[in-house]
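One-based numbering along the sequence shown. Everything quoted here is computed from the prediction, not taken from an experiment.
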Amino acid sequence: QLQLVESGGGLVQPGGSLRLSCAASSGTLDRYAIGWFRQVPGKGREGVACIDSGDGDTAYADSVKGRFTISRDSAKHTVYLQMNSLKPQDTGVYYCSADEGLATLNFYLYAYWGQGTQVTVSS
């Protein structure tokens, strides 16, 4: 059973940056597509970014294009979400997810989920 651990959340001012990490508790993430999702109270889980296994194709929500970057470090068995130019509307709990299928921003297609990490963008 794959277990995912997110880290890197916190409080940041508008315009600031954070880097989230997603690691497997054991083994590698190389054969999994990875997605990052965020959720705020009262709303559904929103797909933010995803990356395929293999060729590493990526996709982003329109709201974060040009500001967020998803990447893999296979040597460290970790996937990162670099978030720049953060806005208050980026606030939420960010979840890492994994699946052996194709990467997608649809949350219901992912089998494995981390516990989430809080990101708060506020002055």
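- Checked by atom type and distance alone, the side chain of Glu6 pairs as donor or acceptor with a backbone atom of Cys96 at under 3.5 Å.
- Between the Thr117 side chain and the Ser7 main chain, no donor and acceptor come within less than 3.5 Å of each other.
- Going from atom CD of Gln118 over to atom CG of Leu11 covers 9.5 Å, rounded to the nearest 0.5 Å.
- For Pro14 against Ser123, the heavy-atom pair with the smallest separation is CD-N, 3.7 Å.
- Atom NE2 of His77 is separated from atom OG of Ser21 by 14.0 Å, given to the nearest 0.5 angstrom.
- In this structure, Ile51 shares a hydrophobic cluster with Leu2, Leu4, Val12, Leu18, Leu20, Leu29, Tyr32, Ile34, Trp36, Val48, Tyr60, Val64, Phe68, Ile70, Val79, Leu81, Met83, Leu86, Tyr94, Tyr112, Val119, Val121, the cluster being traced through Ile, Leu, Val, Met, Phe, Trp and Tyr side chains under 4.5 angstrom apart.
- Here Arg67 pairs with Asp90 under the salt bridge (charged side-chain N to carboxylate O under 4.0 Å, His left out) rule; sequence neighbours left out.
- Clustering ILVMFWY residues whenever any of their side-chain heavy atoms sit less than 4.5 angstrom apart, transitively, puts Trp113 in a cluster other than the one holding Leu105.
- Atom-to-atom distance recorded for Arg45:CZ and Ser97:OG is 8.5 Å, nearest 0.5 angstrom.
- With rounding to the nearest 0.5 Å, the separation of CZ in Arg38 from CD in Glu46 is 4.0 Å.
- Sorted by first and then second residue, the salt bridge (charged side-chain N to carboxylate O under 4.0 Å, His left out) pairs with a member in residues 99-111 read Arg31-Glu100; sequence neighbours excluded.
- The backbone N or O of Ala103 lies less than 3.5 Å from a partner atom in the side chain of Asp52, making a donor-acceptor pair.
- In this structure Ser17 satisfies the side-chain hydrogen bond (donor to acceptor under 3.5 Å, both in side chains) test together with Asn84, sequence neighbours excluded.
- Lys65 is linked by a salt bridge (charged side-chain N to carboxylate O under 4.0 Å, His left out) to Asp62, counting only residues two or more places apart in sequence or in another chain.
- Tyr110 meets the ring-ring contact (aromatic ring centres under 6.0 Å, His included) test with Phe37; sequence neighbours excluded.
- With hydrogens and angles disregarded, no donor-acceptor distance shorter than 3.5 Å links the side chain of Asn106 to the backbone of Tyr108.
- The heavy-atom pair separating Ala33 from Gly101 by the smallest distance is CB-O, 3.3 Å.
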